[in-house]
Amino acid sequence: MKEHIAELIESALKTLVENEVLSPDVQPRIMVENTRDKSHGDFASNVALTLAKPAKRNPRELAQMITEALPESAQLDRTEIAGPGFINFFMNQASTAAVVEQVLTQGAAFGLVEKKSDEKVQVEFVSANPTGPLHVGHGRGAAYGATVSDLLEAAGVNVDREYYVNDAGRQMNILATSVWLRYLEKCGQELIFPCNGYKGAYIHDIAAELHAEHGDKFNRPATEVFADIPDDEPFGGDKEIHIDALIDRANAMLGEADYRIVFDAGLDSILTDIRDDLGEFGVNYQNWFSERSLTSSGDVDRAIETLTEKGFIYKDENDGNLWFRSTDFGDDKDRVVKRANGQTTYFASDIAYHMNKFERGYDKVINIWGADHHGYITRVKAAIQALGYDPERLVVRLVQFAILYRGEERLAMSTRSGSFVTLRELRDEVGSDACRFFYVTRKAEQHMDFDLELAKSESKDNPVYYIQYAHARVCSVMRKLDEAGWTWDKDAGLANLDRLETEHEKDLITKLSKYPDVLKNSGLSHEPHMLANYLKELASDFHTYYNAHKMLIDDAELRNARVTLSEAARQVIANGLQLLGVSAPEHM
RNA sequence: GCGCCCGUAGCUCAACCGGAUAGAGCAACGGCCUUCUAAGCCGUAGGCUGCAGGUUCGAGUCCUGCCGGGCGUGCCA
């Protein structure tokens, strides 16, 4: 519809150019906007304001000339000039009402872009270290990433969702060692658990499973395990040195193969848990990409070689490290990619990972990161550019943390201490639907306070129920219709849409007509909260309408028209909720 | 110190590419169930958009400088 009006204006401007009112070299960007106030019509354009200066005319006068030059349109009722020179467009009722038929004909597909683009986009999100269950901070990234992916798909883009599994590195070794120590306890050993180890209850569970499966196979005397290990922090030592020594000891005493078994027991168990957790949250992936595979496939070495060939890698003779010259691309300092001892850094893996993404043929790669990663953007983009790819093809969206409160008390979240609130606990408390919705109601870059007490005590007031209730109400009307011995005659309803003359009905229809536009903007700008807010407004319009007018009335024409409109509203609510990963119940 | 994000009603947040009188929900107050689900509706009240300048027909939105908050500034992952 906006396009239609833009065409009308364009044609009018052409006429003005022919009449030499406007100079042909003025190339205006024609903007058609939704009006905020319905007294301003359905759509408005500010062309006259923007053209006033180059045309050397006063805006209202110009607006007058433009409206006079507008071609006839079957869909327009009238235009008005208002304020400083806005042109307001009023649609006629028949053309707005046509959206109702469109909704019912297209059903679940209403609002979706029918033509698939050739563009291939990858969205990578969550990617939390598999060292423990997901906590509430990850939940926001999960809900946001999943919804952005679904919205892009709705906009006709081919989307792959990916989870980057950090299954290499020191943290994973700390996890493996933590599992082993708990396992030793299961074997009856007594030991003092390192303060830097993972202390969550899930480590005990993994250790118990390991023991159930392998018996005492990995058992070693605790005295030998801790022999000559430097003191832990509570005993005056350094906790990092202490845990590293224990990792080395675990490797040495178990041998590579058995250490791997313990390591994988932890990794597999946690990864399975994360996968299940996300699955129950309605978040699914096409790929789970292993960091370790980048090393075994040689991609890490190949990435470093490529950068070396291009001259962006140098060796510091003092420390013996290989450095990537990221300062050439605006970074604050150069970054180490390979240590003197031959170990590659996490950053090296990340370079290889992004190289790998582009080699897989993605036109655009969207990374959804926690806000704590923002310092990382520059160096990753630097690496992409150095590899010869356009850094614009990487889009990073930062998601601010959800800060958890229990009443006034701010909850600390630490995976290591095991005192965090998990996503699963949160879902159990407030439900997946409410979580999914709540997480995307705010802009991603906006800080979010999540008060558990409030979420629990006022769960009935959660906006998600408000929207679901509107959906359930329509379903209820349909049931009552049936009980009253009537049937819904859709064709009669569509034929009598002109009977819907009240303001409430017109407002509702207008709201429905905005849905495709909202969907498109929401998806392309990666801002799902726009859709969430729209659904709240749509539900509100419906509730208002429902309370003001009875649908199940004797007048068959009006009854069918109203039920038809309600069905269209239900359909759009269902479509929107579907995209947000929220259910649309028929009963509440 | 430097970099990024944020600052809007008592609280939590909106405001589409700079548009017209800055909007919702919660909390507060007052109404509406004999009637399709009251998890709802209607109404009242609540604002110097952190402060000060600038850009222009027009600024919550863009620019500069302050103030306040968050995060980052590892050869960690």
Side-chain angles (χ1 to χ4, degrees), chain A residues 29 31 33-37 39-40 44-46 49-50 52-53 58-59 82-86 88 128-129 131 166 168-172 174 240 291 319 321-323 332-333 335-341 343-350 370-378 398 400-401 403 441-451 454 458-466 468-470 472-481 483-484 514 517-518 520-522 525 527 529-530 532-534 536-537 539-540 542-553 562-563 566 587-588:
Chain A
R29 269 175 70 204
M31 291 199 279
E33 298 175 315
N34 297 325
T35 51
R36 207 177 279 180
D37 187 329
S39 69
H40 297 143
S45 180
N46 60 356
L49 290 161
T50 56
K53 202 168 219 181
N58 105 35
F86 290 102
N88 294 334
N129 285 350
T131 53
N166 298 119
R170 180 165 171 264
Q171 293 305 321
M172 289 307 297
I174 294 178
E240 307 293 346
E291 178 188 356
D319 59 20
N321 293 332
L322 285 186
W323 293 75
D332 296 335
K333 50 177 283 197
R335 308 289 170 176
V336 173
V337 289
K338 195 179 231 175
R339 301 185 196 107
N341 64 11
Q343 268 196 312
T344 53
T345 61
Y346 176 82
F347 180 49
S349 296
D350 240 358
D372 56 335
H373 279 66
H374 77 248
Y376 220 69
I377 299 174
T378 313
L398 295 176
Q400 293 290 332
F401 288 125
I403 303 164
T441 327
R442 285 130 172 84
K443 279 196 290 205
E445 66 267 28
Q446 188 70 254
H447 296 269
M448 183 168 92
D449 291 341
F450 200 134
D451 186 340
L454 205 68
E458 302 198 335
S459 61
K460 283 186 171 183
D461 296 323
N462 196 309
V464 69
Y465 293 106
Y466 182 79
Q468 290 179 319
Y469 184 41
R473 267 185 155 171
V474 180
C475 296
S476 174
V477 168
M478 299 309 277
R479 287 191 295 269
K480 292 283 180 198
L481 181 79
E483 284 168 23
K514 308 279 188 210
D517 204 38
V518 169
K520 202 177 106 205
N521 288 337
S522 190
S525 60
E527 289 182 352
H529 76 277
M530 291 168 67
N533 288 337
Y534 168 83
K536 272 194 269 187
E537 289 169 19
S540 173
F542 177 76
H543 284 308
T544 298
Y545 173 48
Y546 177 92
N547 274 275
H549 307 284
K550 201 156 190 278
M551 295 165 197
L552 303 183
I553 48 176
R562 286 182 171 170
V563 171
S566 300
H587 299 267
M588 285 185 81

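The sequence lines fix the lettering, A, B, ..., with proteins before strands; numbering per chain opens at 1.
Separation of atoms OG1 (T441(A)) and CE (M530(A)) is listed at 14.5 Å; rounding is to 0.5 Å. Here N521(A) contributes atom CG and E527(A) contributes atom CD; the two are 9.5 Å apart, rounded to the nearest 0.5 Å. Considering CZ of R562(A) and OH of Y545(A), their distance stands at 5.0 Å, rounded to 0.5 Å.
Counting all heavy atoms, side chain and backbone alike, A44(A) lies closest to N88(A) at CB-OD1, 3.4 Å. Across all non-hydrogen atoms, the minimal contact from K536(A) to Y466(A) is O-CE2, 3.7 Å. For T131(A) against Q171(A), the heavy-atom pair with the smallest separation is CG2-O, 4.1 Å. The shortest non-hydrogen separation linking M31(A) to N46(A) is CE-ND2, 3.5 Å. Nearest heavy atom pair, residue A348(A) against residue V337(A), reads CB-O, 3.4 Å. For A472(A) against R479(A), the heavy-atom pair with the smallest separation is O-NH2, 4.4 Å.
As rounded to the nearest Å, U34(B) and C13(B) have C1' atoms that lie 40 Å from one another. A59(B) and U49(B) have their P atoms separated by 12 Å, with the value rounded to a whole Å. Nucleotides C4(B) and G65(B) are separated by 11 Å at their P atoms, to the nearest Å. A distance of about 15 Å separates the C1' atoms of A39(B) and C26(B), rounded to the whole Å. Comparing C32(B) with G68(B), their C1' atoms are spaced 45 Å from each other, to the whole Å. Rounded to a whole angstrom, the distance from the P atom of G3(B) to that of G74(B) is 15 Å. With both ends at atom C1', the span from A45(B) to G10(B) equals 12 Å, rounded to whole Å. Of the P atoms belonging to C11(B) and G7(B), the separation is 15 Å, rounded to the nearest Å.
Classified by its glycosidic torsion, C33(B) falls in the syn category, the angle being within 90° of 0. C17(B) has its base syn relative to the sugar, with a glycosidic angle deviating from 0 by at most 90°.
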Per-nt protein contacts along nucleotides 14-20 of chain B (heavy atom under 4.0 Å; B base, S backbone sugar-phosphate only, - none) come out as SSBB-BB
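With sequence neighbours excluded, the residues that form a salt bridge (Lys or Arg N to Asp or Glu O under 4.0 Å) with K480(A) are E483(A).
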Kindly give the atom pairs (protein nitrogen or oxygen, nucleotide nitrogen or oxygen) under 3.5 Å for nucleotides 9-11 of chain B.
none

Might you list the N or O atoms of the protein lying below 3.5 Å from N or O atoms in nucleotides 72-74 of chain B, with each pair's distance?
none

Under 3.5 Å, which protein N or O atoms sit close to an N or O of nucleotides 32-38 of chain B? Give each pair with its distance.
from   : atom 1 : to      : atom 2 : distance (Å)
C36(B) : O2     : M551(A) : N      : 3.3
C36(B) : O2     : L552(A) : N      : 3.2
C36(B) : N3     : M551(A) : N      : 3.1
C36(B) : N4     : Y546(A) : O      : 2.3
C36(B) : N4     : H549(A) : O      : 2.7
U37(B) : OP1    : S476(A) : OG     : 2.2
U37(B) : OP2    : S476(A) : OG     : 3.2
U37(B) : O2'    : Y469(A) : OH     : 2.1
U37(B) : O2'    : R473(A) : NE     : 3.3
U37(B) : N3     : M588(A) : O      : 3.3
U37(B) : O4     : M588(A) : N      : 2.9
A38(B) : OP2    : R473(A) : NH2    : 2.7

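Nearest-nucleotide positions on RNA chain B place H543(A) closer to the 5' end than the other of A340(A) and H543(A).
Ring orientation note: the planes of H373(A) and Y376(A) are nearly perpendicular, at an angle over 60° on the 30°/60° scale.
In RNA chain B, consecutive stretches of 3 or more Watson-Crick or G-U wobble pairs with both distances under 3.5 Å are given as paired ranges: B:1-7 with B:67-73, B:10-13 with B:23-26, B:28-32 with B:40-44, B:50-54 with B:62-66.
At the heavy-atom level, R339(A) lies under 4.0 Å from base atoms of the strands shown.
Within a 6.0 Å radius of NZ in K520(A), no more than 12 heavy atoms belonging to other residues, nucleotides or ligands are found.
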